[in-house]
Asks: 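First the structure, then my questions, so here it is.
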Amino acid sequence: MLEELVRQRLETLLSGHPPASTDVRDFLGAQFDLGLAWVSYPEGRGGLGAPQELQSLIDRTLSDAGAPHPFTVNPIGYGMAAPTLLAFAAPDDLDQKLRPLLTGEEVWCQLFSEPSAGSDVAGLSTRAVRDGDEWVVTGQKVWTSLAHRATWGLLLARTDPTVPKHAGLTYFFIDMHAPGVEVRPLRQATGDAEFNEVFFTELRIPDSSRLGAVGEGWKVAITTLMNERVAIGGRMTPRGQGPIGEAVALWQEAGRPEQLKDRLMGLWVRSEVLRLTNVRARELAKAGGTAGPEGSTAKLLAGELNQDVYEFCVELLGPAGALYPETYAMSGGVDGTKRDVRYGFLRSQANTIEGGTSEVMRNILGERVLGLPPEPRVDKDVPFNEIGR
C-alpha cells in the first residue's frame, strides 16, 4: 500500500517537474511537499511516515531520472542537521526549517571542531554562559565546511566547566549572520575555500535555540556524528561509477597497461566491498534501526579508498598529473563544478580526517563492534577545568 503510494508520488513529481527543465529548488521543494524527501519522516515534514526501506526506491528512481540530490545542494543540512533536528527540535522549528534545508535555500554547517580539540570533540572550550533566557557564546571553531554560505549552524559549546568534559556540553543551533559571528575562509590545496574558521564574540542566542537538555549536548552530538559518518561514507554509488569508474576510464585511455591491471582490479574489489557494505547497512535500516557502527565502517573504507583510487589515476596521467588548472580554484565550496582526477587527488587527502579521523573510526569499531578494551582515558572523569591544556 505505502509502496504504491510512493510510486504514485514519484510519477506525480517527475511528470509535473521534469528534472531537466525544472529549477533545482523548485524540484526539491516539490519533492518535500510530496513526502519524498525523507520517506520515514512524518507527513508535512518531508516524509510519509513510511518504512525507511522505501527511501532506496525513491533515491534510485530520482537518480535514474537525472534529478538533483539534496546532499549535493546542502550536504551538512541534509545528512546531519535534518536527523538531529527531527530527534531534538521543537515542532515549530521543524515546520520552519526542514523545507528550506532540503531545497538549499538555507544552508547548514556544523560547529564542532576547535584548534585545541580536533578529534577529541568533547575537549572543546567554546563557552556558552546563561544570561536569563539567552546564552552568551565566546570561542572559536575551525574546519567548518560551508560556514561562509550557511544560514544556520549546529553548535556544541561548554556550559559547565566544573564537571567531566562529556557532561558539561550543551547543543544549540545558531544564526550564522547574527552579531558576534565572524567567518574566515581557509584556502585548501585544491584552491577552494570550502571550510573556515569561525569566531564568536559575545554572541547572544535564545534558549529556544537549544537542542536537548542543558548538559546533554554530547548525547545530541552523537546523533549528528553517527549520521555524518553515514552521509560521508554511505552514499550509494552505482556499481562501477564514481572514482573507480574514473580510474577504469583512464586505464583504458592509457592503452590498458597490463602491469597496472592487478592494481586496478584490487581497487575495483575494494570499491565493490564498500558498495555492498552500504547495501547491507541500508538493509539493516529497514528494521527501523538508527545509524550505528556500520556508518563508521563505510566512512573508514570510503576515505582510504578514495585516496588510493585517485593516486592511481594521477599516476596514469604521467607528467600531466602534476599540472593543476587554476580554473578549479574558483568555487569556494560545493557547487557541482566539473573537475578531473587531479582535483579529486588533492581533495581526497582530507577524506581520512574530516568527519572523524581514520584512527577515531578504528577506535569506534574496535570498542563498539569487536568489544576490545578502550584506550586509557585519564581525563574522562576529571572536571574539565582541572584538565591541563
Side-chain angles (χ1 to χ4, degrees), residues 1-41 43 46-75 77-79 82-83 98-99 101-104 227 230-249 252 268 270-286 294-295 298 301-302 305-306 309 334-341 344:
M1 183 74 175
L2 284 172
E3 181 174 343
E4 182 59 30
L5 175 62
V6 167
R7 291 185 184 277
Q8 290 173 359
R9 299 249 176 139
L10 282 167
E11 183 178 348
T12 299
L13 174 63
L14 293 172
S15 61
H17 301 80
S21 58
T22 303
D23 176 79
V24 170
R25 288 184 177 178
D26 290 342
F27 184 91
L28 294 175
Q31 182 178 346
F32 181 95
D33 295 340
L34 287 167
L36 302 176
W38 307 274
V39 72
S40 62
Y41 283 27
E43 292 189 53
L48 296 171
Q52 176 64 28
E53 63 190 270
L54 292 175
Q55 191 67 47
S56 59
L57 168 62
I58 295 170
D59 293 344
R60 184 172 61 253
T61 302
L62 295 183
S63 176
D64 291 345
H69 195 289
F71 184 87
T72 63
V73 175
N74 193 3
Y78 182 79
L98 286 180
R99 193 179 192 278
L101 177 157
L102 188 85
T103 63
N227 282 284
V230 171
I232 292 175
R235 294 195 65 203
M236 298 288 287
T237 302
R239 188 172 187 263
Q241 296 187 26
I244 192 61
E246 296 179 89
V248 171
Q252 293 172 335
W268 177 279
R270 289 170 59 191
S271 296
E272 273 296 281
V273 169
L274 174 60
R275 187 182 70 83
L276 294 173
T277 296
N278 288 329
V279 169
R280 181 178 63 183
R282 179 160 289 182
E283 291 298 310
L284 290 173
K286 291 181 179 180
E294 58 271 9
L301 292 173
L305 175 62
N306 280 348
V309 169
V334 179
D335 67 348
T337 303
K338 179 64 175 176
R339 304 176 174 96
D340 70 14
V341 295

Asks: Show the numbers, then the answer: is there a side chain to side chain contact (heavy atoms under 4.5 Å, CB included) between Arg239 and Trp268?
Replies: CA-CA 10 Å; Arg239 188 172 187 263; Trp268 177 279; 4.1 Å; yes
Asks: Any chance you could lay out the side chain to side chain contact (heavy atoms under 4.5 Å, CB included) test for Val248 and Gln252, step after step, and finish with the verdict?
Replies: CA-CA 6 Å; Val248 171; Gln252 293 172 335; 3.9 Å; yes
Asks: Before giving the answer on side chain to side chain contact (heavy atoms under 4.5 Å, CB included), spell out for Leu102 and Asn74 the whole-Å C-alpha distance, their side-chain angles and the decisive distance to 0.1 Å.
Replies: CA-CA 7 Å; Leu102 188 85; Asn74 193 3; over 6 Å; no
Asks: Enter the distance from Thr103:OG1 to Tyr78:OH here, rounded to the nearest 0.5 Å.
Replies: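 Between Thr103 OG1 and Tyr78 OH, I get 13.5 Å after rounding to 0.5 Å.
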Asks: Rounded to the nearest 0.5 Å, what's the gap from CG on Leu57 to CG on Leu10? Could you check?
Replies: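 One finds 6.0 Å between CG of Leu57 and CG of Leu10.
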Asks: Once side chain to side chain donor-acceptor pair (under 3.5 Å) is applied, do any residues pair with Asn306, and if so which ones, sequence neighbours excluded?
Replies: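 Residues passing side chain to side chain donor-acceptor pair (under 3.5 Å) with Asn306: Asn351.
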Asks: Show every side-chain hydrogen bond (donor to acceptor under 3.5 Å, both in side chains) that has at least one partner inside residues 9-26, sequence neighbours left out.
Replies: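 Those involving residues 9-26 do not exist here.
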Asks: Should the pair His69 and Phe71 be assigned to parallel (<30°), tilted (30 to 60°) or perpendicular (>60°) ring geometry?
Replies: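 The arrangement is perpendicular - the two ring planes meet at more than 60°.
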Asks: Of all heavy-atom pairs between Leu48 and Leu36, which one has the smallest distance, and what is that distance?
Replies: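 Looks like CD1-CD2, 4.5 Å.
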Asks: Write out all pairs satisfying salt bridge (Lys or Arg N to Asp or Glu O under 4.0 Å) with one or both partners inside residues 28-39, taking only residues at least two apart or from two chains.
Replies: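 Residue pairs passing salt bridge (Lys or Arg N to Asp or Glu O under 4.0 Å), neighbours aside: Asp33-Arg99.
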Asks: What is the minimum heavy-atom distance between Pro68 and Leu28, and which atoms define it?
Replies: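 Shortest heavy-atom contact: O-CD2, 3.9 Å.
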Asks: I would like to know whether Glu4 and Arg7 meet salt bridge (charged side-chain N to carboxylate O under 4.0 Å, His left out); could you show each step before the answer?
Replies: CA-CA 5 Å; Glu4 182 59 30; Arg7 291 185 184 277; 5.3 Å; no
Asks: Once rounded to the nearest 0.5 Å, what's the spacing between atom CZ of Phe27 and atom CZ of Phe32?
Replies: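 Rounded to the nearest 0.5 Å, the CZ-CZ separation comes out at 15.0 Å.
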